[in-house]
Protein chains: 2
Amino acid sequence: MAATGSVTGSIAKLQRHSGEPLRDQILQRCRWLLLGGHVVPGQKLPLRPLAEEFNTSLMPVRDALNRLVADGALELSSSRTIRVPEMTGDRLLELHEIRRALEGMAAEQATHHISNTAIDRAAQLIGEMEAALAAGDFDGYIRNHYSFHFTIYAAANRPTLLGMIEVLWLQVGPWFRQGIERASAMRIDANTCHDRVIGALRARDATGVRAAIEEDIFDRIEDLHASGP
Amino acid sequence: MAATGSVTGSIAKLQRHSGEPLRDQILQRCRWLLLGGHVVPGQKLPLRPLAEEFNTSLMPVRDALNRLVADGALELSSSRTIRVPEMTGDRLLELHEIRRALEGMAAEQATHHISNTAIDRAAQLIGEMEAALAAGDFDGYIRNHYSFHFTIYAAANRPTLLGMIEVLWLQVGPWFRQGIERASAMRIDANTCHDRVIGALRARDATGVRAAIEEDIFDRIEDLHASGP
DNA sequence: TATGATAATTTGTGATAACAAACACTATGA
DNA sequence: TCATAGTGTTTGTTATCACAAATTATCATA
């Protein structure tokens, strides 16, 4: 068994009493670990080593991880160790059924409110996505992919809905990263869906936007699921 | 301002080292406080008084309340006091758009899996609901109403979906209680929707079940919203 | 009486330590 | 060689305490 070592790649130090609580700063970093797939299904995340990396006590780390457990992004196996959940076929299916419903709803509603500059920004992100993927920069690809979707969803002005979608992305994050790395060579045409999203947004065609987003989600799970076991 | 006094009505003592953690026992009780509307929008929930009522330290109470804040069922106002959020028109609309999508999905999928005994049990709950409402027993009404919906949703076998729906109910709980008390006299025909749900379940008509559930949710918000400011 | 400064209290956050349950390892026996 | 009991370690949970920020109460001043 390989020593996990540093999982955070922590650079900037956390600061106490600086506006937001340590718990939230740690939560933010852990979120990106999941979204970016820097942790792997099955991996253990013990409190004490993490607290040492962050130079804090157990408590804020515990708070952050408990939150992620509540969100379903982490799990307590045998109620004694916190780990990244394995992705099963059932869970993947369920998560994407929900994603389709909620992200479809957000996209449809965003159509009526999103600004032209936000649409331009989203369109630009498609290019940066492709460039990152071509360069083998998976981190950059995932970051841009995230930004593309969430600039659109955020325009729906539905804070609760947006939070629920974020939780879903946290849950599929580790799986998504693995799938992207496996399937990167064979796939770039997810961007055809993305282009259709942009086109429908420009035309203010809410139904079209929803359909394009739903198809994007559907295609993604098809491809990634087909590319691996 | 009235002294809040005991909010829990705590009877059974909590037990340490008895299977599930104190945090979860407290969380369970707080959940029912919200679902049953025993706390009121705007009400403060300070850690120390609660800890004293539960005869525990701050920590498990803190954990439970943090979880509910994460779920959006409570909020940190000015990041120094925890309180039950006020219900705004926007929030109510958003919550019910999401409820309609997710509960519709759960009901539709439950249709194919739910057992006949579960259907019978749900049908029976309709009667108990009516009886409780007629007797002015709002607690009983709400409890039966909850059981009716969740015996159906649980049959869908979608754990993540079920958890998300529970969170939504936590958020509308206090508002729902207020609305029921206000509108109790004028409304019993929500049960016509409930009867239609049972009928469609017996016919294994998934589309009909979804439609009936969606209409139930829609009617409910219409009535309760109309009955109050 | 109204208003603004200031002190006292209350609040959530974070650190440290003690604890019990789960885990991992080792020695023992067949 | 393999199973098993025993022991030491690791893990999350809870209690207690210290702290800073926000709130509330108090009182001087206009």
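Going from atom CG of A:Leu47 over to atom P of C:dA15 covers 13 Å, rounded to whole Å. As rounded to whole Å, 17 Å separates atom P of C:dA18 from atom CE of B:Met59. The interatomic distance linking A:Leu58 (CG) with D:dT10 (C1') rounds to 12 Å, in whole Å. Spacing between atom CZ of B:Arg62 and atom C1' of C:dG14 amounts to 7 Å, rounded to whole angstrom units. Atom CZ in B:Arg83 sits roughly 11 Å away from atom C1' in D:dT23 (whole-Å rounding). Taking atom NZ of residue A:Lys44 and atom P of nucleotide C:dC23, one finds them 9 Å apart after rounding to whole Å. As rounded to whole Å, 16 Å separates atom P of C:dT10 from atom CG of B:Leu50. Residue A:Asn55 contributes atom CG, which lies 16 Å from atom C1' of C:dT16 at whole-angstrom precision.
Of the listed nucleotides (C:dG12, D:dA15, D:dA22), D:dA15 has the atom at the smallest distance from the side chain of B:Ser57. The A:Ile82 side chain lies nearest to D:dG12 when the options are D:dA21, D:dG12, D:dA15. For B:Pro46, taking side-chain heavy atoms from C-beta onward, the closest of the listed nucleotides C:dG12, C:dA15, C:dA20 is C:dG12. Here the side chain of B:Arg80 is nearest to one of C:dG14, C:dA22, C:dG12, namely C:dG12.
Looking at heavy atoms from C-beta onward, A:Met59 lies in side-chain contact with A:Arg62 at the 4.5 angstrom threshold. When side chains are defined from C-beta on, B:Ile213 does not count as touching B:Arg100, because their heavy atoms never get closer than 4.5 Å.
Defined by atom type and a distance below 3.5 Å, a donor-acceptor pair is present between the side-chain atoms of B:Ser77 and B:Thr81.
Positionally, the nearest nucleotide of DNA chain D for B:Leu22 lies more toward the 5' end than for the other of A:Arg16 and B:Leu22. Of the two residues contacting DNA chain C, namely B:Arg48 and A:Arg48, the nearest-nucleotide position lying further toward the 5' end is that of B:Arg48. Nearest-nucleotide positions on DNA chain C for A:Thr56 and B:Thr81 put B:Thr81 closer to the 5' end.
Across all strands, B:Arg23 comes closer than 4.0 Å only to sugar-phosphate atoms, never to a base (heavy-atom distances). Looking at heavy-atom distances under 4.0 Å, B:Leu45 makes contact with sugar-phosphate atoms alone, never a base.
Checked against a 6.0 Å centroid threshold, the rings of A:His96 and A:Phe218 do not count as neighbours.
Formation of a donor-acceptor pair under 3.5 Å by the B:Arg23 side chain with backbone atoms of B:Ala64 is not found in this model.
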